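Throughout, a chain's letter reflects where its sequence line sits, starting with A, and its residues are numbered from 1. Here the structure is a predicted model, which means the values were calculated and not measured.
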Amino acid sequence: MMSLELTRRRFLGTTALTLGAPALQSLLAADSHGLPGLPHFAPKAKRVIYMMQTGGPSHVDLFDDKPELRKQRGNDIPESVLGGLRLTTMTAGQKSKPCLPAAFGGSERGQSGMWVSDLLPHTASIVDECTFIRSMHGEQINHAPAVTHMMTGHNLPGRPSIGAWLTYGLGSMTDNLPAFVVMTSRDQEASCGQFFYDYYWGAGFLPGKYQGVPFRGAGDPVLYLSNPEGMDRPLRRAMLDSLAEMNQFTHERFGDPETTTRIAQYEMAFKMQASVPELTDLSDEPQSVLDLYGPDVNRKGSYAYNCLMARRLAERGVRYVQLMHAGWDQHGNLPTQLPIQCRDTDQASAALVKDLKMRGMLDDTLVIWGGEFGRTPFVQGDIKNPKAHGRDHHPRAFTMWLAGGGVKKGCIYGSSDDFAYHATENPVHVRDLQATLMHLCGIQHDRFTYKHQGLDFKLTGVEEAKVMKGILA
Amino acid sequence: MPYQPPGVWEDLSFGKNRYFQSQGDDLHRRSLYTFWRRSMAPTSFFDVPARQVCALKPQRTSTPLQALTMLNDTTFVEAARVWATSLMLVKQDDDARLSEAFRAATTRLPEPREAAAMKAMLIKAQAHFSSREGEARQLIRTGDVPVNEKLNAVEQAAWTTVCLMILNLDETLNK
């Protein structure tokens, strides 16, 4: 196995070694700084917090109030609007499709006059910090493909997620936490049937180290974070020192740079064993901040807890935080479940924006709130039976909001038609949103590619994606 | 179904899928037989395809999470301590044990400086556990395999530490 020949690899390996610690540091620095040439231009957002609201929040009830729907309440949506387009099998066979206007009250809020449902009083209080896009649209009509599209740029699994792309391109800003962290939560009533697939935060064909690291609400926040019982931290330290020494010998023997990477990864693991408990210890948060997020913040694994944790992660240099919240899928229980869902998420979503602003971090943190699609303006089920009706999936027009990180404050962008059915003015496709997100992070999306199976892949896919200039501050 | 931290399946499926660890011999079957959920790979697997799409070449994983798994997962800690007891039973001499362990993991004998480093680790671990017998007993209780009560607990824990280190060598993982 041992060769006396001085191979190129061995030569490079040992040469690097004789350069000693500075060489090792620059090797690691290259990793943490991302790709050469990136960012393409000065970024507005240094980090991103994506609050993914899976299930499909009803834009009709929450953000996109339509007088026409109120006027036509109970009448079928005209065929000219439906246009014979695909519906899910849950409503495709439903004989009538009566208009159901916003089920709860709402009003125009803030300077911008953005209409927000009364179910979201906290979100209503931050409208002047946000850009609301009321003309989002996509093609996918079922949860998994739509979430996959939103998170990875394609409806089929196997592509890198947004966070993987960003951390691959831009690197990490911390050396004791992962660059891309994911946290999951669900509605308290567990009324929602969706599962989360780990490819929603996967690395696809990028190297595995760029995949999102799930932080959990119960047990160890990171899997296997705790030493086995009976092995204390000083002994673990001694063991890792010994391991590093042995690996260093291996490096001298074979000259493989991957060996130095492994030494560094074990060091990072040891640092995480200290930094993660510090991260999740909320005792240094003043009561006023906890109150901002609401009472749920004290319950580990709740959406509110995750929102606060997102801010703590962002503060500590984590580049991309992906919160995955499930529970917006109200097919047959909208009048009862939507208020519960809003109560679970409204205060903490708004609190995160306010908290970032108080700390001066909002300007360079991009916050995104939205689901994989919206919901049908027509009722699913019997319009006369509010206890058992709701709305079906609807990707042709829905609403999302963004704040901070270089987006306009108090902006309402795009609109849907009179029935909130089609995105009409300034339509924003999923890939346009992704191109814009990249742009805010200093990346020109069509110049950031990865060769795989002979093709140059990019997040936004092959069809033209547009940066939405109209929402840039 | 190998060891897995509680709640992993439950978290992703919102409580609908529950994980039941195997008992007895089934617990220690080769990972080839481990069941995979479509939504979630087994937590202790690395260098594996994502399985949603074809993979032409395996990845070489090198991440902090892999390090934490290899260092702390019951599967590996238990393997280290069972390995430690078998080494203690087949060889009497420390150097012979270390040499045998290293060879089994890397298919070669250690260089003198590697042997010396392992020996130093062993001595450190022995000193550490000699004043902490309770902790030694905790460590060697990791996993379901019954503890060998005939062997000295402090020695078992010290050898477990060394074996765990050898399992984590770059050369062991990447060979």
### Query
What part of B:Arg132 is in contact with chain A, defined as an atom under 4.5 angstrom from a non-hydrogen atom: side chain, backbone, both or neither?
side chain
### Message
I need the residue from B:Leu164, B:Thr160, B:Leu71, B:Thr74 with the largest number of non-hydrogen atom pairs under 4.5 Å to chain A.
### Response
B:Leu71
#### Entry: Which portion of A:Glu229 sits near chain B, non-hydrogen atoms under 4.5 angstrom
both
### B:Met165 CE to A:Glu245 CD distance, which is reported to the nearest 0.5 Å
9.0 Å
#### Entry: Between A:Tyr224 and B:Thr43: side-chain donor-acceptor atoms closer than 3.5 Å
yes
### Query
Listed by residue number, which members of residues 118-126 of chain B have a heavy atom under 4.5 Å from any heavy atom of chain A?
B:Met118, B:Met121, B:Lys124, B:Ala125
### Summary
Against chain B, residues from residues 269-279 of chain A with at least one heavy atom under 4.5 Å, in numeric order, are A:Ala269, A:Met272, A:Gln273
### Message
Taking the side chain as everything from C-beta on, heavy atoms only, tell me whether A:Phe249 gets closer than 4.5 Å to B:Glu171.
### Response
no
### Query
Can a donor-acceptor pair be found between the side chains of A:Thr250 and B:Asp170 at a distance below 3.5 Å?
no
### Task
Heavy atoms only: give me the nearest B:Pro64-A:Met268 pair and the separation to one decimal.
CG-CG, 3.2 Å
### Task
Calculate, to the nearest 0.5 Å, the distance between atoms OH and OG1 belonging to A:Tyr210 and B:Thr63 respectively.
12.0 Å
### Query
A:Asp232, A:Asp241, A:Asp220, A:Leu240: which one forms the most heavy-atom pairs within less than 4.5 Å of chain B?
A:Asp232
### Message
Side chains of A:Leu223 and B:Leu65, heavy atoms from C-beta outward: is any pair under 4.5 Å?
### Response
no
#### Entry: Pick from B:Val8, B:Leu68, B:Leu139 with the largest number of heavy-atom pairs that fall under 4.5 Å of chain A
B:Leu68
### Per-residue contact mode, B:Phe76 against chain A (heavy atom under 4.5 angstrom)
neither
### Task
Mind listing the closest non-hydrogen atom pair of B:Ser62 and A:Glu258 along with its distance?
CB-OE1, 4.3 Å
### Message
Ignoring hydrogens and geometry beyond distance, is a side-chain donor-acceptor pair present between B:Asn72 and A:Arg236 at under 3.5 Å?
### Response
yes
### Query
CG of B:Asp93: more than 12 outside heavy atoms within 6.0 angstrom?
yes
### Query
Could A:Arg253 and B:Glu111 be called an ion pair, given the rule that one side-chain N must be under 4.0 Å from one carboxylate O?
yes
## Note on the structure
Ranking B:Asn168, B:Ile140, B:Ile166 by heavy-atom pairs under 4.5 Å to chain A gives rank one to B:Asn168
### Query
Based on non-hydrogen pairs under 4.5 Å, which of A:Leu156, A:Val213, A:Thr184 is most in contact with chain B?
A:Val213
### Task
For the residue pair B:Glu114 and A:Met246, establish whether any side-chain heavy-atom pair is separated by less than 4.5 Å.
yes
### Message
I'd like to know whether B:Gln66 forms a side-chain contact (heavy atoms from CB on, under 4.5 Å) with A:Lys209, so could you lay out the CA-CA distance, the side-chain angles of the two residues, the decisive distance to 0.1 Å, and finally the verdict.
### Response
CA-CA 10 Å; B:Gln66 182 192 23; A:Lys209 64 178 167 182; over 6 Å; no
### Exceeds 12 heavy-atom contacts within 6.0 angstrom, atom CZ of B:Phe35
yes
### Query
With only heavy atoms counted, which part of B:Phe46 is less than 4.5 Å from chain A, the side chain, the backbone, both or neither?
neither
#### Entry: Leading residue by heavy atom contact count with chain A [cutoff under 4.5 Å; candidates B:Val77, B:Thr69, B:Thr142, B:Val162]
B:Thr69
### Query
Got a salt bridge between B:Arg113 and A:Glu252, using NZ or NE/NH1/NH2 to carboxylate O under 4.0 Å?
yes
